[in-house]
Undergrad: 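Let me begin by handing over the structure; questions about it come next.
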Amino acid sequence: MNIKSEKGTTLVELLAVVSLSMIVMVAAYHAFYFVTGAVETSSTKTEIRKEANILVLSLEEHLINVDSINVQNADTTTFQAFTAKATRLNGMDDDSTFTYIEETTEVSIENGHLLIDDIQQNADDMDLSNTTFELNGDKLTVHLEIFKENTEETYSLVKIFRLGTE
């Protein structure tokens with residue numbers, strides 16, 4: 001009896017294994033690329049939202065108890081610079097009379113940056129050029145629009161501040 005023993009692989013089997021391996025590797029690469037892109041986009045959006053929260057907190061800190069707004073241009077519908085005035089209790093003098101002081105805060109959008117009393121509030125890579133303010137009676141509306149440079153991500157937020165009515 002002559003039994004023939006076949007050892008090794010044929011060329012067809014080898015080509016099939018290589019082809020299947022390439023298909024799996026290409027699919028894994030695309031999945032990895034998709035996941036890393038999604039993570040990067042998500043982290044950018046989170047960074048912009050965090051920046052918006054910081055800016056709103058800074059505005060709240062400086063504009064709390066503001067009594068009046070003086071717009072630095074003639075158009076009060078939308079503007080990018082104003083002076084806020086607040087009257088605060090200073091204390092009591094010797095004859096039990098309250099004394100007050102008037103504080104002013106300068107707020108402006110210049111070269112894409114939010115400046116409060118000439119101090120930049122936003123990060124350097126965040127552009128606020130499209131941010132505007134609007135005064136409507138006793139309400140100051142902030143239309144905050146943040147654009148992160150080197151990406152296409154933009155975040156918009158509207159915050160309303162009620163002015164004092166003494």
Side-chain angles (χ1 to χ4, degrees), residues 27-166:
Y29 173 77
H30 283 294
F32 176 75
Y33 182 75
F34 174 76
V35 168
T36 55
V39 167
E40 186 176 318
T41 300
S42 177
S43 68
T44 299
K45 287 181 180 182
T46 301
E47 184 181 358
I48 293 174
R49 286 188 188 112
K50 182 179 175 183
E51 182 77 12
N53 289 338
I54 291 169
L55 293 174
V56 167
L57 287 173
S58 180
L59 284 168
E60 285 176 347
E61 177 185 342
H62 289 90
L63 298 179
I64 191 166
N65 299 325
V66 166
D67 299 316
S68 65
I69 298 287
N70 293 328
V71 180
Q72 297 171 353
N73 62 11
D75 183 16
T76 59
T77 54
T78 58
F79 48 92
Q80 289 193 315
F82 65 90
T83 302
K85 291 185 181 180
T87 303
R88 304 199 194 282
L89 181 63
N90 188 32
M92 193 178 288
D93 60 11
D94 294 336
D95 56 347
S96 299
T97 305
F98 290 114
T99 59
Y100 298 91
I101 57 171
E102 188 173 277
E103 294 179 347
T104 60
T105 302
E106 301 285 332
V107 179
S108 64
I109 303 294
E110 295 178 18
N111 300 320
H113 299 294
L114 172 63
L115 302 177
I116 299 178
D117 291 330
D118 292 326
I119 298 173
Q120 181 177 324
Q121 303 296 310
N122 59 305
D124 287 332
D125 63 341
M126 301 289 179
D127 185 0
L128 303 176
S129 296
N130 294 327
T131 296
T132 59
F133 304 100
E134 181 179 329
L135 187 59
N136 187 5
D138 65 342
K139 294 178 188 169
L140 173 68
T141 304
V142 180
H143 299 275
L144 186 65
E145 187 170 315
I146 303 173
F147 174 75
K148 181 164 174 52
E149 296 174 359
N150 302 324
T151 69
E152 295 301 317
E153 295 297 326
T154 301
Y155 184 73
S156 297
L157 176 78
V158 175
K159 174 72 177 167
I160 298 173
F161 294 93
R162 184 172 294 276
L163 304 179
T165 55
E166 287 189 321

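Just so it is clear, the structure is predicted and the values come from calculations on it, not from any experiment.
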Undergrad: With side chain to side chain contact (heavy atoms under 4.5 Å, CB included) as the criterion, how do Leu157 and Val56 come out once you've worked through the C-alpha distance, each side chain's angles and the decisive distance to 0.1 Å?
TA: CA-CA 9 Å; Leu157 176 78; Val56 167; 3.3 Å; yes
Undergrad: Let me check something: any side-chain donor-acceptor pairs from residues 111-121 under 3.5 Å, sequence neighbours excluded? List them with distances.
TA:
residue : atom : partner : partner atom : Å
His113  : ND1  : Gln120  : NE2          : 3.2
His113  : ND1  : Asn122  : ND2          : 3.2
Asp117  : OD1  : Glu106  : N            : 2.8
Gln120  : NE2  : Asn122  : O            : 2.8
Gln120  : NE2  : Asp124  : OD1          : 2.9
Gln121  : OE1  : Ser58   : OG           : 2.6
Gln121  : NE2  : Ile119  : O            : 2.9

Undergrad: Would you mind reporting whether Phe82 and Leu135 have side-chain heavy atoms less than 4.5 Å apart?
TA: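 In short, these two side chains do not touch, never coming nearer than 4.5 Å.
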Undergrad: Taking distance alone, no hydrogens or angles, what donor-acceptor pairs closer than 3.5 Å link side-chain atoms of residues 27-35 to residues at least two apart or in another chain?
TA:
none

Undergrad: Do Gln80 side-chain atoms and Thr131 backbone N/O form a donor-acceptor pair below 3.5 Å?
TA: yes
Undergrad: State, yes or no, whether a side-chain contact exists between Phe161 and Leu59 at a heavy-atom distance under 4.5 Å.
TA: yes
Undergrad: Using side-chain heavy atoms (C-beta onward) and a distance below 4.5 Å, is Phe98 in contact with Leu89?
TA: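 Result yes, sub-4.5 Å side-chain heavy-atom pair found.
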Undergrad: Around atom CD of Glu102, are there more than 12 heavy atoms of other residues, nucleotides or ligands at under 6.0 Å?
TA: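 Atom CD in Glu102 is crowded, with more than 12 foreign heavy atoms closer than 6.0 Å.
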Undergrad: Taking the side chain as everything from C-beta on, heavy atoms only, tell me whether Phe133 gets closer than 4.5 Å to Ile69.
TA: no
Undergrad: With distance as the sole test, does Thr99 use its side chain to make a donor-acceptor pair with the main-chain N or O of Gly91 at under 3.5 Å?
TA: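 Present.
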Undergrad: Is there a donor-acceptor pair closer than 3.5 Å between any side-chain N or O of Ser108 and the backbone N or O of Glu110?
TA: no
Undergrad: I want to check something: taking the side chain as every heavy atom from C-beta on, are Asn70 and Lys85 in contact at a cut-off of under 4.5 Å?
TA: yes
Undergrad: What pairs meet the salt bridge (charged side-chain N to carboxylate O under 4.0 Å, His left out) rule with one or both residues in residues 140-150, with sequence neighbours excluded?
TA: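 Counting only pairs at least two positions apart or across chains, the salt bridge (charged side-chain N to carboxylate O under 4.0 Å, His left out) contacts touching residues 140-150 are Glu47-Lys148, Asp125-Lys148.
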Undergrad: More than 12 heavy atoms of other residues, nucleotides or ligands under 6.0 Å from CG of Asp94: is that the case?
TA: no
Undergrad: Is the shortest heavy-atom distance from the side chain of Ile101 to the side chain of Glu103 under 4.5 Å?
TA: yes
Undergrad: How about CD on Glu40, more than 12 heavy atoms from neighbouring residues, nucleotides or ligands closer than 6.0 Å, or not?
TA: no
Undergrad: If we ignore hydrogens and angles and just use 3.5 Å, is the side chain of Thr41 paired with the main-chain N or O of Ala38 as donor and acceptor?
TA: no
